[in-house]
Undergrad: 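For reference, the structure I am asking about is given below.
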Amino acid sequence: MLTKNRFSFKEVILWTRHEIPFFLIYPALVTYLYANHDIFPFHIPWTPMAIIGTAVAFLVGFQNNAAYGRIWEARKIWGGIVNNSRNFGMKVQDLVRSGPKDLSKEQLRKVHTSLIYRHIGWLTALRHAMREARPWEIQNLKRTNQEWNSKIVIPEHQNTLQHDLTDYLPLSELDYVLSKKNKATTILYLQSRHLRKLKEEGLIWEFAYLEFQKVLEEFFNLQGKSERIKNFPYPRQYTTITFFATWSFLILLPLGIIPQFISLAHTNAIENSTLEPIFIWLSVPFCAIVSWVFHTMERIGRIGENPFEGTPNDVPISQISRGIEIDLRQQLNEDSKSIPEPFAEDHHVQM
């Protein structure tokens with residue numbers, strides 16, 4: 001997620017710089033052929049161009065709204081994970097108490113730590129699952145997106161899941177979790193079994209156990225919602241038709257705009273004839289600006305479809321997970337030196 005309040009104009013231009021030469025050279029070529037050689041025997045009337053442009057604008061707007069909806073829903077889901085994680089940490093410390101076994105403070109602390117660390121392991125497994133590549137994710141296909149990826153560090157791409165889980169799960173549980181396809185779900189099952197064991201040992205009374213089960217149920221729900229966004233792509237038919245409609249409009253745009261400029265230059269009362277060729281060539285920057293706006297908006301919609309890829313505008317699930325970990329471990333009164341720092345920002349981007 002981008003943390004500064006806006007992209008600079010320079011960054012936007014750099015992001016789209018590979019397309020900008022086409023937006024300038026193509027209308028310049030068409031203008032030259034129209035003005036000097038009259039090679040094109042037909043002019044596209046402005047009315048159908050306006051209709052096509054309006055249709056493309058609706059398609060691009062629909063795509064951007066849908067993409068933003070997916071990002072916003074993902075952010076609400078992970079906001080729910082934050083709130084329920086804090087709720088879980090509170091219940092662990094206040095509802096898991098010494099029972100008939102009369103545990104010492106140190107033994108009870110170990111029980112609390114085991115539950116909290118297993119939850120952090122669940123967060124770790126879930127964020128790694130959300131960062132796994134899917135065939136329809138296209139972030140790395142563009143050269144400028146690849147440049148962004150070379151500048152920022154995605155934590156899940158730096159370490160393996162096994163490496164990151166080592167600090168939170170005992171070896172026996174770690175091997176069991178890694179043997180399953182859905183690691184996050186497996187960790188929640190282990191958490192539920194541990195809580196049931198604590199209830200049987202009298203460390204959790206019946207009502208408290210039901211409260212814990214409600215929290216775990218909510219974690220299952222939030223995980224499923226997050227997986228739904230990750231595993232169900234924005235429908236390809238909408239993306240494809242928007243992409244081809246946009247580029248069809250951009251190809252036709254000079255054929256509609258440039259004749260209008262030429263006609264105005266020839267027919268309007270331009271007293272100074274030396275201004276006529278200058279006026280004709282004004283169509284080039286005008287076409288370039290319109291083309292750039294339509295292309296940039298269409299591209300923004302495409303990169304916003306998948307909010308967990310790791311782009312600058314995606315949901316910063318790594319930072320959210322680390323923030324939860326810091327909160328929970330501080331409430332365990334751990335030494336501040338043993339608690340990890342938040343992930344560093346690269347180029348004002350949280351991962």
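Bear in mind that the values here come from a model prediction, so they are computed numbers and not experimental data.
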Undergrad: So, do His295 and Phe23 sit near enough that their side-chain heavy atoms are less than 4.5 Å apart?
TA: yes
Undergrad: Are any side-chain N or O atoms of Glu19 and backbone N or O atoms of Trp292, one a donor and one an acceptor, separated by less than 3.5 Å?
TA: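 Checking the backbone N and O of Trp292 against the side chain of Glu19, no donor-acceptor pair under 3.5 Å is found.
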Undergrad: Counting only N and O atoms by type, is there a donor-acceptor contact under 3.5 Å from the side chain of Thr113 to the main-chain atoms of Arg109?
TA: yes
Undergrad: Determine, for Arg70 against Glu73, whether the closest basic-nitrogen to carboxylate-oxygen distance falls under 4.0 angstrom.
TA: no
Undergrad: Should we count OH of Tyr238 as having more than 12 external heavy atoms under 6.0 Å?
TA: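 No - once you tally the heavy atoms of other residues, nucleotides and ligands closer than 6.0 Å, there are 12 at most.
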Undergrad: What do you reckon, are the aromatic ring centroids of Phe219 and His119 less than 6.0 Å apart?
TA: yes
Undergrad: Any side-chain heavy atom of Tyr32 sitting closer than 4.5 Å to one from Trp281?
TA: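 Sidechains of Trp281 and Tyr32: in contact.
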Undergrad: Return each pair, listed once, that meets salt bridge (charged side-chain N to carboxylate O under 4.0 Å, His left out) where at least one residue sits in residues 46-65; pairs must be two or more places apart or across chains.
TA: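 Matches after skipping sequence neighbours: none remain.
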Undergrad: Can you tell me how far CG of Leu59 sits from CG of Asn64, rounded to the nearest 0.5 angstrom?
TA: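 The CG atom of Leu59 is 11.5 Å from CG of Asn64, to the nearest 0.5 Å.
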Undergrad: So, for Leu123 and Ser321, which heavy atoms are closest and what is the spacing to 0.1 Å?
TA: O-OG, 4.1 Å
Undergrad: Rounded to the nearest 0.5 Å, how far does CD1 of Ile229 lie from CG of Asn306?
TA: 10.5 Å
Undergrad: Between the side chains of Lys214 and Glu218, is the shortest nitrogen-to-carboxylate-oxygen separation below 4.0 Å, so that they form an ion pair?
TA: no
Undergrad: Got a sec, which hydrophobics cluster with Ile241, joining ILVMFWY side chains under 4.5 Å apart, including via others?
TA: none
Undergrad: Over 60° means perpendicular and under 30° means parallel, so tell me whether Tyr26 and Phe22 are parallel, tilted or perpendicular.
TA: parallel
Undergrad: Tell me if a side-chain donor or acceptor on His112 pairs with a main-chain N or O of Val96 at a distance below 3.5 Å.
TA: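 Between the backbone of Val96 and the side chain of His112 there is a qualifying donor-acceptor contact (under 3.5 Å).
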Undergrad: Please round to the nearest 0.5 Å and tell me the distance separating atom OH of Tyr209 and atom CZ of Arg196.
TA: 6.5 Å
Undergrad: Hydrogens and angles aside, do Lys91 and Asn87 bring a side-chain donor and acceptor to less than 3.5 Å of each other?
TA: yes
Undergrad: With salt bridge (charged side-chain N to carboxylate O under 4.0 Å, His left out) as the test, would you mind laying out the steps for Glu106 and Lys110 before giving the verdict?
TA: CA-CA 6 Å; Glu106 186 61 31; Lys110 288 183 178 179; 5.3 Å; no
Undergrad: Could you check if a side-chain atom of Glu217 sits within less than 4.5 angstrom of a side-chain atom of Phe212, using non-hydrogen atoms only?
TA: no
Undergrad: Would you check if there is a donor-acceptor pair between the side chains of His157 and Arg131 at a distance under 3.5 Å?
TA: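 Not at all, the side chains of Arg131 and His157 share no donor-acceptor pair under 3.5 Å.
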Undergrad: Listed by chain and number, what are the side-chain hydrogen bond (donor to acceptor under 3.5 Å, both in side chains) partners of Asn84, not counting sequence neighbours?
TA: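 Residues passing side-chain hydrogen bond (donor to acceptor under 3.5 Å, both in side chains) with Asn84: none at all.
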Undergrad: Strictly by modelled atom types, are Asn231 and Arg134 linked by a side-chain donor-acceptor pair under 3.5 Å?
TA: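 Looking only at side-chain atoms, Arg134 and Asn231 do form a donor-acceptor pair, the distance falling under 3.5 Å.
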Undergrad: Can you tell me how far apart CD (Glu211) and CG (Leu195) are? Round to the nearest 0.5 Å.
TA: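 Here the interatomic distance stands at 12.5 Å.
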Undergrad: Between Gln93 (side chain only) and Gln331 (backbone N and O only), is there a donor and an acceptor less than 3.5 Å apart?
TA: yes
Undergrad: Considering the options Glu298, Glu305, Arg302, which one meets the side-chain hydrogen bond (donor to acceptor under 3.5 Å, both in side chains) requirement together with Thr239?
TA: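 That would be Glu305; it is the only one of Glu298, Glu305, Arg302 passing the side-chain hydrogen bond (donor to acceptor under 3.5 Å, both in side chains) with Thr239.
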Undergrad: Judged by modelled atom types alone, do Ser226 and Trp78 share a side-chain donor-acceptor pair under 3.5 Å?
TA: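 Distance-only check passes for Ser226 and Trp78.
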Undergrad: Working to the nearest 0.5 angstrom, can you tell me the gap between Lys105 NZ and Gln107 CD?
TA: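 Going from NZ on Lys105 over to CD on Gln107, the span is 13.5 Å.
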Undergrad: Applying ring pair (Phe, Tyr, Trp, His ring centres under 6.0 Å), can you list everything that pairs with Phe220, at least two apart in sequence or on another chain?
TA: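 Per chain and number, Phe220 pairs via ring pair (Phe, Tyr, Trp, His ring centres under 6.0 Å) with Tyr189.
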Undergrad: Return the minimal non-hydrogen interatomic distance between Ala125 and Ile187, and the atom names on each side.
TA: CB-CD1, 3.9 Å
Undergrad: At what distance, to the nearest 0.5 angstrom, does CG of Leu282 lie from OG1 of Thr31?
TA: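 Going from the CG atom of Leu282 to the OG1 atom of Thr31 covers 10.0 Å.
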Undergrad: Suppose the criterion is side chain to side chain donor-acceptor pair (under 3.5 Å): which pairs have a residue in residues 174-183, not counting sequence neighbours?
TA: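 As it turns out, the side chain to side chain donor-acceptor pair (under 3.5 Å) pairs with a partner in residues 174-183, which skip direct neighbours, are Asn182-Thr185, Asn182-Gln223, Asn182-Glu227.
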Undergrad: Taking Lys230 for the side chain and Met130 for the main chain, is one N or O donor matched with an acceptor at less than 3.5 Å?
TA: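 Here the side-chain-to-backbone pair exists.
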Undergrad: Which heavy atom of Tyr117 sits nearest to which heavy atom of Asp167, and what is that distance?
TA: CD2-O, 3.4 Å
Undergrad: Give every residue pair that meets the salt bridge (charged side-chain N to carboxylate O under 4.0 Å, His left out) criterion with at least one member in residues 317-343, sequence neighbours excluded.
TA: Arg86-Asp327, Arg322-Glu325, Glu325-Arg329, Arg329-Glu334
Undergrad: Decide yes or no for Ser114 and His194: does some side-chain heavy atom of the first lie under 4.5 Å from some side-chain heavy atom of the second?
TA: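 Yes, their side chains come closer than 4.5 Å.
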Undergrad: What I'd like to find out is whether the side chain of Lys197 reaches to under 4.5 Å of the side chain of Glu201, using heavy atoms alone.
TA: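 Counting from C-beta outward, Lys197 and Glu201 do come under 4.5 Å.
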Undergrad: Grab the two heavy atoms, one from Ser291 and one from Leu253, that are nearest each other, plus how far apart they are.
TA: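 Minimum heavy-atom separation between Ser291 and Leu253: OG-CD2, 3.5 Å.
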Undergrad: For Trp247 and Phe243, take the angle between the two ring planes, folded into 0 to 90°, and tell me which bin it lands in: parallel under 30, tilted 30 to 60, perpendicular over 60.
TA: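 Plane angle between 30° and 60°, so tilted.
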